[in-house]
Amino acid sequence: MATRSRRPALQPRRILVIHGPNLNLVGKREPAVYGNETLADIEARLSELADELGVKLEIFQSNSEGALVDRIQSARGQVDGILINPAAYTHTSIALRDALLAAGLPAVEVHLSNVHRREEFRHHSLIAPVAVGQILGFGGESYLLGLRALVALLRGQRSARS
Ligand code: CA2
């Protein structure tokens, strides 16, 4: 019988969670757009869900494009997947897109807000073509849904790839 993965059964999956620029301000400024939940609140909920799902999280936030690229580069071979809210770099960063491509890891893109209901410049994502999928518009819940989707993908429960 074919095995799904060469990974030892008891070794937990590792997921790198990346938050892009200004996400450290969420819950403290512009509550009308991003809600009252802080990044620490979202991370606490993510950690709880990670325990439930039996996965390990590494969490990184930076306002600097280069630091984000460096963190993604160093993830290759160290984690199994990436959950990323690239924030404003979603719409501008070829560097982040190239780094994700080079990492060769499944990535799920998440956004707090529904970017398609906002300014036109937020409608286009340079990251989407290199991500497995996108989840957006559910506030902090987008991260939780994204983590569930990524873990399901890693466990081979989802096979659609179009
Ligand atoms: O909706 C999202 O998650 C975004 O990725 C958030 C980014 C925005 O540039 C994207 O278009 C959509 C912004 C991150 C948070 O920026 C803040 C700015 C001022 C006050 C609080 C947060």
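The basis for the numbers below is simple: all heavy atoms, side chains too, and nothing from hydrogens, waters or symmetry mates. We count ligands from 1, going down the list as the structure has it; atoms in each ligand are counted the same way.
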For [atom], what is the nearest protein heavy atom, given as residue, atom name and distance?
atom: atom 4 (C) of ligand 1; answer: His111 ND1, 3.6 Å
atom: atom 21 (C) of ligand 1; answer: Arg29 O, 3.5 Å
atom: atom 13 (C) of ligand 1; answer: Tyr34 OH, 3.2 Å
atom: atom 1 (O) of ligand 1; answer: Ser113 OG, 2.5 Å
atom: atom 15 (C) of ligand 1; answer: Asn22 O, 3.5 Å
atom: atom 3 (O) of ligand 1; answer: Leu112 N, 2.7 Å

Show which atoms of ligand 1 fall inside a sub-4.0 Å distance from at least one heavy-atom site of [X].
X: Glu30; result: 19 (C), 20 (C)
X: Ala88; result: 9 (O)
X: Leu23; result: 14 (C)
X: His91; result: 10 (C), 11 (O)

Should the proximity of [X] to ligand 1, defined as any heavy atom under 4.0 Å, be assigned to the side chain, the backbone, both, or neither?
X: Val33; value: neither
X: Arg122; value: side chain
X: Pro21; value: backbone
X: Asn85; value: side chain

Please check: side-chain N/O of Asn63 versus main-chain N/O of Asn22, any donor-acceptor pairing under 3.5 Å?
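Yes.
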Any salt bridge between Arg71 and Glu58, counting N to O under 4.0 Å?
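Yes, charged N to carboxylate O under 4.0 Å.
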Salt-bridge present (Glu52, Arg148; N to O < 4.0 Å):
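Salt bridge: yes.
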Is the count of non-hydrogen atoms from other residues, nucleotides or ligands lying under 6.0 Å from [X] atom [atom1] greater than 12?
X: Arg118; atom1: CZ; value: yes
X: Glu120; atom1: CD; value: no
X: Phe60; atom1: CZ; value: yes
X: Glu48; atom1: CD; value: no

Between Arg45 and Leu144, is there a side-chain heavy-atom distance shorter than 4.5 Å?
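Yes, at least one pair of side-chain atoms sits under 4.5 Å.
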I'd like to know if Thr90 contacts ligand 1, where contact means a heavy-atom distance under 4.0 Å to any ligand atom.
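False for this residue.
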Check Leu147 against Leu83 and note the closest heavy-atom contact, atom names and distance.
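Residues Leu147 and Leu83, closest heavy atoms: N-CD1, 3.8 Å.
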Just verifying a value: how many Å separate Ile127 CD1 and Glu109 CD, rounded to the nearest 0.5 Å?
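CD of Glu109 is found 6.5 Å from CD1 of Ile127.
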